[in-house]
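Scroll down for the structure; my scribbles are underneath it.
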2 protein chains.
Amino acid sequence: MENITELLKGILEGCVLEIISRGETYGYEITQQLRQLGFSDVVEGTVYTITMRLEKQQLVHIEKKASTMGPPRKFYTLNEAGHDRLRIFWEKWAFVSDKMQELQQLKQEGSTR
Amino acid sequence: MENITELLKGILEGCVLEIISRGETYGYEITQQLRQLGFSDVVEGTVYTITMRLEKQQLVHIEKKASTMGPPRKFYTLNEAGHDRLRIFWEKWAFVSDKMQELQQLKQEGSTR
DNA sequence: ACCAGTACTTTGTGTTACTATATAGTGGTA
DNA sequence: TACCACTATATAGTAACACAAAGTACTGGT
């Protein structure tokens with residue numbers, strides 16, 4: 001799927017929060033997981049701007065660990081504020097998602113007229 | 001639901017396209033329909049920036065008609081390019097929506113461990 | 001010495017929803 | 001008359017976000 005950039009606004013941050021919530025992970029790995037999920041055009045830079053934002057907003061705990069596969073990794077875990085933010089994200093997503101389904105159902109009803 | 005601004009990026013334009021596709025309508029009415037749908041914080045200015053964009057991208061046909069309820073109204077209908085754009089929007093939405101559901105299901109599986 | 005893969009970072013850009021404000025027509029009412 | 005609420009369109013500026021592009025740095029293989 002190409003050019004879904006605008007649709008990803010807001011949700012990509014939620015995805016990153018969700019991925020971190022599953023267990024300690026780092027930027028490069030998060031990027032790979034997003035790509036594996038299907039958001040195949042997501043690049044490191046995008047994820048790093050998000051993780052930086054999470055840091056600034058103090059939603060994550062950070063731990064730097066050495067790696068045998070390259071430079072040291074910055075591992076993230078969600079703190080309490082991070083979990084709160086994630087919960088709120090899913091609530092917002094459910095709301096928007098529901099409304100969009102309503103709109104689409106009206107569409108189908110309309111087309112049977 | 002409050003502060004879903006970022007989540008609305010990209011989808012609000014799709015909503016406007018969908019609403020116009022149901023039949024000739026104008027900015028003020030589109031705003032009311034969006035508010036009625038549940039996006040209660042959407043204001044006229046937001047919708048007008050979207051309709052202006054649709055005009056510039058030549059996705060709509062425009063007809064100005066007098067109104068007894070106030071100033072003349074600018075009625076919009078989708079042209080072929082508009083219908084194409086709308087179809088593509090729903091495809092993108094379906095894609096993103098599916099991926100988000102996948103992510104959320106993994107979440108639930110994870111929490112039963 | 002070179003390159004691919006891993007890993008993090010920064011700067012700048014384009015798109016979008018939103019804020020605030022202005023303009024204007026109609027109808028009601030004090 | 002003056003004022004206000006509702007209808008209706010428009011625009012200039014802002015903030016937030018994903019993304020592009022480039023750079024730095026560490027490891028291992030050829």
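Convention: sequence-line order gives letters A, B, ...; per-chain numbering from 1.
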Go through the N and O atoms of the side chain of A:Lys9 and the base of C:dT15, and report whether any donor-acceptor pair is under 3.5 Å.
->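 Between C:dT15 and A:Lys9, which were checked side chain against base, a qualifying N/O pair under 3.5 Å is present.
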Rounded to the Å, how far apart are [X] [atom1] and [N] [atom2]?
X: B:Gln57; N: C:dT15; atom1: CD; atom2: C1'; result: 11 Å
X: B:Lys92; N: C:dT16; atom1: NZ; atom2: C1'; result: 13 Å
X: A:Leu12; N: C:dT16; atom1: CG; atom2: P; result: 17 Å
X: B:Asp41; N: C:dA17; atom1: CG; atom2: C1'; result: 12 Å

Please name all residues satisfying side-chain contact (heavy atoms from CB on, under 4.5 Å) with B:Thr49, sequence neighbours left out, ordered by chain then number.
->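 Checked B:Thr49 against side-chain contact (heavy atoms from CB on, under 4.5 Å); zero matches.
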Who passes side-chain contact (heavy atoms from CB on, under 4.5 Å) against B:Lys64, sequence neighbours left out?
->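 Testing B:Lys64 for side-chain contact (heavy atoms from CB on, under 4.5 Å), a comparison that skips the adjacent residues, returns B:Pro72, B:Lys74.
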Would you grab the first and last nucleotide of DNA chain D (5' to 3') that comes under 4.0 Å of any non-hydrogen atom in chain A?
->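 Under 4.0 Å from chain A, the extent on DNA chain D is D:dC17 to D:dT27.
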Enumerate the residue pairs fulfilling ring pair (Phe, Tyr, Trp, His ring centres under 6.0 Å) with a member in residues 20-49 of chain A, sequence neighbours excluded, ordered by first and then second residue.
->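 For residues 20-49 of chain A, and leaving out neighbouring residues, the ring pair (Phe, Tyr, Trp, His ring centres under 6.0 Å) pairs sorted by first residue read A:Tyr26-A:Phe75.
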If a protein heavy atom is under 4.0 Å from the base, mark B; if only from the sugar-phosphate, S; if neither, -; do that for nucleotides 4-11 of chain C going 5' to 3'.
-> --BBBBB-
With a cut-off of 3.5 Å and sequence neighbours excluded, list every side-chain donor-acceptor pair involving residues 1-8 of chain B.
{"from": "B:Glu6", "atom 1": "OE1", "to": "B:Lys9", "atom 2": "NZ", "distance (Å)": "2.8"}
{"from": "B:Glu6", "atom 1": "OE2", "to": "B:Lys9", "atom 2": "NZ", "distance (Å)": "3.3"}

With a 4.5 Å limit on heavy-atom distance, are the side chains of B:Leu12 and B:Thr46 in contact?
->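 The answer is yes; the side chains approach within 4.5 Å.
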B:Gln101: side-chain hydrogen bond (donor to acceptor under 3.5 Å, both in side chains) partners, not counting sequence neighbours |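 Here no residue qualifies.
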side-chain hydrogen bond (donor to acceptor under 3.5 Å, both in side chains) partners of B:Glu91, counting only residues at least two apart =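 Scan of B:Glu91 (side-chain hydrogen bond (donor to acceptor under 3.5 Å, both in side chains), adjacent residues dropped) gives B:Arg87.
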Would you indicate, yes or no, if C:dA17 has its OP1 or OP2 atom less than 4.0 angstrom from a side-chain nitrogen or oxygen of B:Arg53?
->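 Yes.
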Salt bridge (Lys or Arg N to Asp or Glu O under 4.0 Å) pairs, two or more places apart, involving residues 43-54 of chain A =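 Qualifying pairs: A:Glu13-A:Arg53.
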